[in-house]
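Every value quoted in this text rests on a predicted model; they were computed, and no experiment measured them. Any value given below was found using the heavy atoms of this structure, including those in side chains, with hydrogens, waters and symmetry copies removed. Per chain, numbering begins at 1; letters A, B, ... match sequence-line order.
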Protein chains: 2
Amino acid sequence: MRIGDVAQRAGVSTRALRYYEEQGLLGSERTSTGQRTYTESAIERVQLIQQFFTAGLPSRTILQLLPCVESGHASPEVFEVLEEERRRITAAMADLAAARDALDRMIDITRNPTPEHCPSLR
Amino acid sequence: MRIGDVAQRAGVSTRALRYYEEQGLLGSERTSTGQRTYTESAIERVQLIQQFFTAGLPSRTILQLLPCVESGHASPEVFEVLEEERRRITAAMADLAAARDALDRMIDITRNPTPEHCPSLR
DNA sequence: CTTGCCCTTGACGTCAACGTCAACGTTTAG
DNA sequence: CTAAACGTTGACGTTGACGTCAAGGGCAAG
C-alpha cells in the first residue's frame, strides 16, 4: 500500500503519517524510487497511535509504549509510564466530568430560570 | 485584593489573570495608580474559567458562556453552544475511556505475558 | 507523449494559553 | 528612607501535531 491508501483507510492525513515516521512511531519500506510502502498492520497501528494522541499522550511517550505492544513485554520503567498515564487519564476524565456537571447546572438554570439561581451554580 | 492574592488563592499565575482580562473573561477595578483590584467573587470565577479551560473549551467559547452564569439566562444560540460543548465533553470522555482500556490491556499483558498476546491487544 | 494524480523532501505557518524578560512605577516593612 | 516585594505594559518565546506551500519526480491511462 502507498501512503495515500493508508491515510484514507486510517482516516488521517498523509502529512500525519510522515510526521509519525519522523517521530519513530511508524515504519515503512521504500520502493526503488523512494516511495513509502506499508503493510496492512500499519492501519491498525495508526489507529492506536491516534487513540493515544486523542488521550493527550505526547509522541515521546507513545514512542516508549509502542514497542511494548509488539513485544508484549515492558521494562519496569515503561511499566511505570503505563500506570502514570493511566492515572493522568483517570484524572482528566474526572476534570471533564466536573466541567460537564457545571454545564449541566447552567443548562438546567437557563431552562428553569429562578430568582435565586446564583447559589446553585456553585 | 490585588492580583497576587487572587493568583495565589485561585491557584493560577498573575500572567494568567492578565490574560483572562485581556480576553474579556475577568473584570477588575483599578486604583488611582493603575493597579488591579478584585472582589472575592473573582476567585470563584477564575476557578470556573480554569475548569472550562481544563475541559478543552477555548477562551472565545468561555466568553460566550460566562455572561449566562451571571444572568442565569441564555439566548438560543448560547444554549446551543452549551449543548454542543456538552456533547464534545461526552465524546472526549469516551475517547479517554477507550485509551485507558488500551492501556489496561497493555498493563495486563505485561503482567501476565502470553505467547498469544497479540490478538488481545485489539 | 502527455495529462493528471500520486509521491518525495524541505521549510515555514498555525493556534492557544500562557512563560519570560525588559524597563519601569508602587506599596510596604523595618 | 530605603530596599524588598509587588505591580504595570509591551513584546517576544514556547510547545506539539500537524497544515500548507514550493519545487520537483513517478506512474497508469488515453
Side-chain angles (χ1 to χ4, degrees), chain A residues 1-39 42 45-66 81 85 88-89 92 95-96 99, chain B residues 1-39 42 45-66 81 85 88-89 92 95-96 99:
Chain A
M1 296 173 75
R2 294 192 299 175
I3 195 172
D5 306 322
V6 178
Q8 186 176 3
R9 289 180 55 189
V12 301
S13 68
T14 62
R15 177 68 178 92
L17 295 180
R18 295 194 193 97
Y19 176 73
Y20 297 165
E21 180 167 331
E22 186 184 318
Q23 301 298 309
L25 302 177
L26 180 65
S28 69
E29 299 298 309
R30 296 298 185 110
T31 69
S32 57
T33 58
Q35 300 208 350
R36 270 168 265 251
T37 295
Y38 299 89
T39 65
R45 191 183 181 93
V46 168
Q47 284 166 348
L48 183 61
I49 292 172
Q50 273 290 107
Q51 206 166 41
F52 284 149
F53 273 132
T54 302
L57 280 77
S59 56
R60 269 186 298 273
T61 302
I62 300 178
L63 185 56
Q64 284 183 291
L65 300 186
L66 281 186
V81 172
E85 287 305 323
R88 248 197 11 78
I89 289 176
D95 287 341
L96 285 179
Chain B
M1 295 174 75
R2 294 193 299 174
I3 196 172
D5 305 323
V6 178
Q8 187 176 3
R9 291 181 54 189
V12 301
S13 67
T14 61
R15 178 68 177 90
L17 294 180
R18 294 195 193 97
Y19 176 72
Y20 297 164
E21 180 168 331
E22 185 183 319
Q23 301 300 308
L25 302 177
L26 181 64
S28 69
E29 299 297 309
R30 298 297 186 111
T31 69
S32 57
T33 60
Q35 301 209 351
R36 270 167 265 252
T37 295
Y38 300 89
T39 65
R45 190 183 182 97
V46 168
Q47 284 167 347
L48 182 62
I49 292 172
Q50 274 288 109
Q51 206 166 40
F52 283 149
F53 273 132
T54 302
L57 280 77
S59 56
R60 270 186 296 273
T61 303
I62 299 177
L63 184 56
Q64 284 184 290
L65 300 186
L66 280 185
V81 172
E85 288 305 324
R88 247 194 15 77
I89 288 176
D95 288 341
L96 284 180

Take the protein atom CD of B/E21 and the nucleotide atom P of C/dC18, then report the distance between them rounded to whole Å.
15 Å
Figure out the CD1/P separation between B/I3 and C/dC18, and round it to whole Å.
13 Å
So, the side chain of A/R45 versus the backbone of A/G27: is there a donor-acceptor pair under 3.5 Å, distance only?
no
Among A/Q35, A/R18, A/E21, A/R36, side chain to side chain donor-acceptor pair (under 3.5 Å) partner for A/S28:
A/E21
Under 4.0 Å between a side-chain N/O of B/Y19 and OP1 or OP2 of C/dA16, yes or no?
no
According to a strict under-4.0 Å criterion, is A/R36 in side-chain N/O contact with OP1 or OP2 of C/dT8?
yes
Under 4.0 Å between a side-chain N or O of B/R2 and OP1 or OP2 of D/dC6?
no
OP1 or OP2 of D/dT8 versus the side-chain N and O atoms of B/R18: is any pair under 4.0 Å?
yes
Reading DNA chain D from 5' onward, which residue's closest nucleotide shows up sooner: A/Q35 or A/S13?
A/S13
Side-chain heavy atoms of A/L25 within contact of A/F52, under 4.5 Å:
no
To the side chain of B/Q50, which of C/dC18, D/dT8, D/dC18 is closest?
C/dC18
Can you check the B/R30 CZ to D/dT9 C1' distance for me, whole Å?
10 Å
Which nucleotide in the list C/dA17, C/dG19, C/dA11 gets nearest to the side chain of B/R15?
C/dG19
For A/S59, which contact category applies under a 4.0 Å heavy-atom criterion: base, sugar-phosphate, or nothing?
sugar-phosphate
